[in-house]
Enquirer: 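Below is the structure I would like to discuss, written out as structure tokens.
Residue numbering restarts at 1 for every chain, and letters A, B, ... go by the order of the sequence lines.
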Amino acid sequence: MPLPRPFFERPTLQVARDLLGQRLVRRETSGKRTSGWITETEAYIGPQDLACHARAGRTVRNAAMWGAAGHAYVYFTYGMHWCLNLVTQADGFPAAVLLRGLLAAEGRSRMLRRRRMPAESVGLLNGPAKLCQALGIDGSLDGHDLCRSGARLWVEPWLDLPDSAVTLGPRVGLNKVPEPWKSLPWRFRVSPLLLANCDD
DNA sequence: CGCCAGATCCACT
DNA sequence: GTGGATCTGGCGG
């Protein structure tokens, strides 16, 4: 059962926090599943957030972020990478959660193959572009409804983590973004100690 | 280990 | 024409 739309309609920081420990599931045309537990997220909230793609208003690229919660916002960057966001809050307000890291759950060998990595390797899903490549997520899923039955991509409830298992920090890769946006603690991670025994 | 250049597109200015 | 919510491999300490 996918997480329902009301989960995503809440404040973005809450959604980013609560997505940790839940499971992102991708169903391919073959019907096969690949999935992973969410270990790292970032919140991007509104036109005034100067790190958010919506800072310059609504564009073709960021249109999905302005739409209803519970949809995917998938964008292309650096000439070769896709990144996945989950749209939050009210229809008409641009906000989303960037997924930055997963722990492999189902379909590890297929994910390794898509990433062209040998078996036994680490670093399979620890990055926003890596997890998209591993799960086969690209621009064709931009605007995809994660809450509809028959979705190709959705989030399943799994673990509810206590606050003691969550670490906050500044968002990553915001080189030219001015303060205070650059340093706001809007990055959420499952505490590294809890993942110390886990490979990807 | 850490630092950094190069890869490689496309939406936006 | 520009530069990015990134990744990888190469190089030096």
Enquirer: Looking only at side-chain N and O atoms, does A:Lys182 come under 4.0 Å of OP1 or OP2 in C:dA5?
Expert: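 So the side-chain polar atoms of A:Lys182 never come under 4.0 Å of the phosphate oxygens OP1 or OP2 of C:dA5.
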
Enquirer: DNA chain C: A:Leu131 or A:Lys176, which has the more 5' nearest nucleotide?
Expert: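 It is A:Lys176, whose closest nucleotide lies nearer the 5' terminus.
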
Enquirer: Applying salt bridge (Lys or Arg N to Asp or Glu O under 4.0 Å) between A:Glu40 and each of A:Arg187, A:Arg17, A:Lys130, A:Arg171, report the one that passes.
Expert: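 For A:Glu40, the salt bridge (Lys or Arg N to Asp or Glu O under 4.0 Å) test succeeds with only one of A:Arg187, A:Arg17, A:Lys130, A:Arg171, which is A:Arg187.
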
Enquirer: Out of curiosity, A:Ser121 OG to A:Arg116 CZ, how far, rounded to the nearest 0.5 Å?
Expert: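 Between atom OG of A:Ser121 and atom CZ of A:Arg116 there are 14.0 Å.
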
Enquirer: Answer yes or no: is there a donor N or O on one side and an acceptor on the other, between the side chain of A:Glu42 and the main chain of A:Val97, under 3.5 Å?
Expert: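 Checking the backbone N and O of A:Val97 against the side chain of A:Glu42, no donor-acceptor pair under 3.5 Å is found.
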
Enquirer: Nearest 0.5 angstrom please: A:Ile38 CD1 to A:Phe188 CZ, how far?
Expert: 13.0 Å

Enquirer: Is it true that the side chains of A:Trp181 and A:Glu179 contain a donor and an acceptor less than 3.5 Å apart?
Expert: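 Checked: A:Trp181/A:Glu179 side chains show no N/O donor-acceptor pair below 3.5 Å.
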
Enquirer: Between which nucleotides of DNA chain B, read 5' to 3', does contact with chain A run, using atoms under 4.0 Å from its heavy atoms?
Expert: B:dA7 to B:dT13

Enquirer: Is the phosphate of C:dC7 approached by A:Arg115 (side-chain N or O, under 4.0 Å from OP1 or OP2)?
Expert: no

Enquirer: Find the distance A:Asp142:CG to C:dA5:P and express it as a whole number of Å.
Expert: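 One finds 15 Å between P of C:dA5 and CG of A:Asp142, rounded.
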
Enquirer: Near DNA chain B, which residues from residues 74-96 of chain A have a heavy atom under 4.0 Å away?
Expert: A:Phe76, A:Tyr78, A:Gly79, A:Met80

Enquirer: If you look at every strand shown and take non-hydrogen atoms under 4.0 Å, does A:Arg171 touch a base, only sugar-phosphate, or nothing?
Expert: nothing

Enquirer: Quick one: are the ring centres of A:Tyr44 and A:His53 less than 6.0 Å apart?
Expert: no

Enquirer: Regarding A:Ala51, tell me which of base, sugar-phosphate or nothing describes its non-hydrogen contacts under 4.0 Å with the strands shown.
Expert: base

Enquirer: A:Leu174 near the nucleic acid: base, sugar-phosphate alone, or nothing, with a heavy-atom cut-off under 4.0 Å?
Expert: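 A:Leu174: backbone/sugar contact only, no base atoms under 4.0 Å.
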
Enquirer: Dot-bracket for DNA chain C, please. Rules: Watson-Crick or G-U, both distances under 3.5 Å, ( ) within the strand, [ ] when a pair crosses earlier ones, | for another strand, . otherwise.
Expert: ||||.|||||||.

Enquirer: Can a salt bridge be assigned to the pair A:Glu106 and A:Arg27 using a cut-off of 4.0 Å between side-chain N and carboxylate O?
Expert: no

Enquirer: Where is the tightest heavy-atom contact between A:Gln133 and A:Arg115, given as atom of each residue plus distance?
Expert: OE1-NE, 3.2 Å

Enquirer: Any idea which heavy atoms bring A:Cys83 and A:Ala129 closest together, and the distance?
Expert: SG-N, 4.3 Å

